[in-house]
Amino acid sequence: MGQAEYLVVLAACVLVTLPLEIAGARVYRQPRRLARAVLPVALVFLVWDALAIAAGVWDYAPEHVTGIRAPFALPLEEILFFVVIPICGVLTYEIVQLTLVVVRRLARKEARR
């Protein structure tokens, strides 16, 4: 896959969790709430990454990233990672919550019989 590998994995994560939104997770329909959940944590980890790169603690293999870098030498893929993966996690959490509500309703309905 080469330089697109990281982006392909992130795209796959989005595609795999997209049906959860369609099934009723309603994460993308609440962009402000989603931003409040994802962006503060992403910012902390992006600062951490930038500091580690600046200190020479780590970097990213050029054969696995596009080479597009944001300020502070952060690879585009790493920025996307800290947005995409938490969104996928929130989608998963919301659909599990929705499923539990449905299961509990069905259990109560069954108990009444």
Side-chain angles (χ1 to χ4, degrees):
M1 274 190 213
Q3 292 182 315
E5 186 173 352
Y6 203 161
L7 290 176
V8 169
V9 170
L10 292 174
C13 290
V14 170
L15 288 174
V16 166
T17 58
L18 187 58
L20 301 177
E21 178 70 14
I22 296 165
R26 297 184 177 209
V27 169
Y28 292 124
R29 297 174 203 168
Q30 301 175 55
R32 286 186 193 163
R33 185 175 180 209
L34 181 60
R36 285 194 320 263
V38 171
L39 295 181
V41 177
L43 182 62
V44 168
F45 282 103
L46 288 170
V47 168
W48 181 2
D49 266 6
L51 291 172
I53 290 169
V57 174
W58 75 68
D59 204 353
Y60 299 87
E63 61 270 14
H64 297 296
V65 294
T66 60
I68 300 170
R69 298 247 177 177
F72 308 106
L74 288 167
L76 169 67
E77 294 84 352
E78 189 69 355
I79 295 167
L80 291 174
F81 174 85
F82 286 120
V83 173
V84 168
I85 299 306
I87 290 173
C88 294
V90 171
L91 276 163
T92 303
Y93 176 82
E94 289 296 328
I95 204 68
V96 167
Q97 291 296 83
L98 180 63
T99 302
L100 289 174
V101 167
V102 170
V103 167
R104 287 179 188 133
R105 283 183 191 158
L106 290 173
R108 280 195 300 262
K109 187 176 181 180
E110 192 63 33
R112 288 182 193 146
R113 286 185 183 182

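Residue numbers count from 1 along this sequence. The analysis underlying the following values was restricted to heavy atoms, covering all of them including side chains, and did not include hydrogens, waters or symmetry mates.
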Indicate yes or no: at least one non-hydrogen side-chain atom of [X] is less than 4.5 angstrom from one of [Y].
X     : Y     : result
Leu91 : Leu18 : no
Glu78 : Phe45 : no
Cys13 : Ile85 : yes
Val41 : Val44 : no
Leu10 : Phe81 : yes
Leu76 : Val65 : no
Phe72 : Leu51 : no

Minimum-distance pair of heavy atoms, taken over all atoms of [X] and [Y]:
X     : Y     : value
Ala35 : Pro40 : O-CD, 3.6 Å
Ala42 : Phe82 : CB-O, 3.4 Å
Pro75 : Ile53 : CD-CD1, 4.2 Å
Gly24 : Leu98 : O-CD2, 3.7 Å

Hydrophobic clusters here meaning ILVMFWY residues chained together by side-chain heavy-atom distances under 4.5 Å, can you tell me if [X] and [Y] are in one?
X      : Y      : answer
Leu39  : Val47  : no
Leu15  : Val83  : no
Leu106 : Leu100 : no
Val101 : Ile95  : no
Tyr28  : Val90  : yes

Once you round to the nearest 0.5 Å, how far does [atom1] of [X] lie from [atom2] of [Y]?
X      : Y     : atom1 : atom2 : result
Arg104 : Thr99 : CZ    : OG1   : 10.5 Å
Ile87  : Leu34 : CD1   : CG    : 4.5 Å
Leu20  : Tyr93 : CG    : OH    : 14.5 Å

### Query
If you count the non-hydrogen atoms of other residues, nucleotides and ligands that lie under 6.0 Å from CZ in Arg29, is the total more than 12?
yes
### Query
Taking everything shown except Arg26 itself, do over 12 heavy atoms lie less than 6.0 Å from its CZ?
no
### Query
Is a side-chain donor or acceptor of Glu21 paired with a backbone partner of Val27 at a separation under 3.5 angstrom?
yes
#### Entry: Under 3.5 Å donor-acceptor, Gln3 side chain and Gly67 backbone
no
### Message
With side-chain hydrogen bond (donor to acceptor under 3.5 Å, both in side chains) as the criterion, how do Tyr60 and Glu77 come out once you've worked through the C-alpha distance, each side chain's angles and the decisive distance to 0.1 Å?
### Response
CA-CA 10 Å; Tyr60 299 87; Glu77 294 84 352; over 6 Å; no
